[in-house]
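All remarks here apply to the structure that follows.
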Amino acid sequence: MKEKDYLFGKTLEDLERITEQYGQKKFVAKQISDWLYKKDATSIMEMSNISKSFREVLNKEFFFGITPYVQVLTSKDGTKKYLFQYSEDTFVEAVCIFDKERVTLCISTQAGCKMNCDFCATGKQGFKRNLSTNEILNIFRSVEEYRQIKNIVYMGMGEPLDNFFEVKRSLEILCKEYGYGFSPKRITVSTAGYLPFLEQFLEQTNVDIAISLHNPIPMERERIMPIEKVYSIEKVIKVLRRFDWTKQRHLTFEYIVFEGLNDQDKHINSLLKLLNGLKCRINLIPFNTIPNSIYKGVEREKMILFQQKLNKKGFLTTIRASKGEDIMAACGLLSTKKLERK
Ligand code: SAH
């Protein structure tokens, strides 16, 4: 038997295909998308401007498609970590970060990850599966503060560009007028530099992008990020240089500052060579330690010193505030704990 599909997470085009298939007028698709993304309905039978008979057909063929979270942890600093369970052993995480008036949601795109970065708890879990558009967007729709969210970052579990098509569809629904009408400037997708879809991603979306750089020296980068061996950061930068990084679209390089590993003058010199003339920002990230890690983050003072050195060389450098350390905010930690219990 065919498994029931979800309506939530369908694009307007998908909905038009569905309405056409059942002999409905095209505008009915727009009515459905309003119920899905604007009116916060939770069931098909609530869609009162759609004929009862068609609602009954839809109800038979589809689930509405909202899955509540199974756990939430709140940090001393207010940061909230949500856990979603999408099947018996599929757990994904989301983090909600509060900064004065600004609420930022960090969402996941895969259960587990194939990139296997040595400092990342999700990488250590291995890869389970890609999340569907429904599952990615459900994270956004199902957190308690969803109507207050100002920024969305694709920086949770998984490599977004290794799930390009679902990620692209989720971005469409977030940004298009028929969906949530988010400004693409309020969304950032973070990638380890997954080349097979980088160009398509940059051509077909207009959200901001962050590249996990962490070390500009290839031999050193490949020790912490195996992706370097296949898709080198040099090749990634070459692709990035073909695009226009104006006020309309921002390029950020993420850089976890590890003790004694990537904060020396040689790294600054390599960064200068690698990023020469590229309009971008470097965001220094405090390391969120993970169990059995051989890595250590630098002390705050050292991080500031490194920032000052980079700024002196002309880089726009910022430091990410470390939030939610007491609730396992590092991506992958909470779901790892769940998997270990099974
Ligand atoms: N796969 C994507 C997005 C997920 S990770 C990527 O690699 O960019 C989002 C960011 O968190 C990346 O920059 C990643 O390198 C970083 N990260 C992973 N584990 C971390 C940890 N333990 N502490 C701090 N940052 C971490």
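Whatever order the structure lists them in is the order used to number ligands and atoms, beginning at 1. As a basis for the values below, the full set of heavy atoms in this structure was taken, side chains included, without hydrogen atoms, waters or symmetry mates.
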Query raised in the report: Do Y154 and ligand 1 have an N or O pair less than 3.5 Å apart?
Result: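 No.
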Query raised in the report: Quick one: does T289 get an N or O within less than 3.5 Å of an N or O on ligand 1?
Result: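 Among all N and O atoms of T289, none is under 3.5 Å from an N or O of ligand 1.
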Please work out, at 4.0 Å between heavy atoms, whether the side chain, the backbone, both, or neither of [X] comes within that distance of ligand 1.
X: T191; value: backbone
X: I256; value: side chain
X: P286; value: backbone
X: H214; value: side chain

As an exercise, identify every atom of ligand 1 less than 4.0 angstrom from a heavy atom of [X].
X: C120; value: 18 (C), 19 (N)
X: G156; value: 4 (C), 5 (S)
X: A192; value: 6 (C), 7 (O), 8 (O)
X: M155; value: 4 (C), 5 (S), 9 (C)
X: E254; value: 10 (C), 12 (C), 13 (O)

Quick check on [X]: does its [atom1] atom have over 12 non-hydrogen neighbours (other residues, nucleotides or ligands) under 6.0 Å away?
X: Q264; atom1: CD; answer: yes
X: R241; atom1: CZ; answer: yes
X: Y6; atom1: OH; answer: no
X: E20; atom1: CD; answer: no

Query - Salt bridge present between R55 and E46 (N-O < 4.0 angstrom) - result: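 Salt bridge absent between R55 and E46.
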**Report entry** Option of least heavy-atom distance to atom 1 (N) of ligand 1 (set: G158, G193, A210, S190)
**Finding:**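 Looking at heavy atoms only, G158 sits closest to atom 1 (N) of ligand 1.
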Query raised in the report: Out of N288, T109, D162, I211, who gets a non-hydrogen atom closest to atom 23 (N) of ligand 1?
Result: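 Minimum heavy-atom distance to atom 23 (N) of ligand 1 goes to N288.
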Requested in this report: List in chain and number order the residues that pass side-chain hydrogen bond (donor to acceptor under 3.5 Å, both in side chains) with Q110, two or more places apart in sequence or in another chain; answer none if no residue qualifies.
Outcome: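 side-chain hydrogen bond (donor to acceptor under 3.5 Å, both in side chains) list for Q110, sorted by chain: N130, D162.
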Side chains of residues 226-239: which donor-acceptor partners sit under 3.5 Å, not counting sequence neighbours?
unit_1: E228; atom_1: OE1; unit_2: R221; atom_2: NH1; d: 2.7
unit_1: E228; atom_1: OE1; unit_2: I233; atom_2: N; d: 3.0
unit_1: S232; atom_1: OG; unit_2: K235; atom_2: N; d: 3.3

Query raised in the report: So, do Y154 and V207 sit near enough that their side-chain heavy atoms are less than 4.5 Å apart?
Result: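 Side chain of Y154 against side chain of V207, heavy atoms only: no contact under 4.5 Å found.
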Query raised in the report: Is the closest heavy-atom distance from M115 to ligand 1 below 4.0 Å?
Result: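 The answer is no, since M115 has no heavy atom less than 4.0 Å from ligand 1.
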Report task. Find the distance between CZ (F84) and CZ (F91) and round it off to the nearest 0.5 Å. Result ->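 Reported to 0.5 Å precision, the distance equals 13.0 Å.
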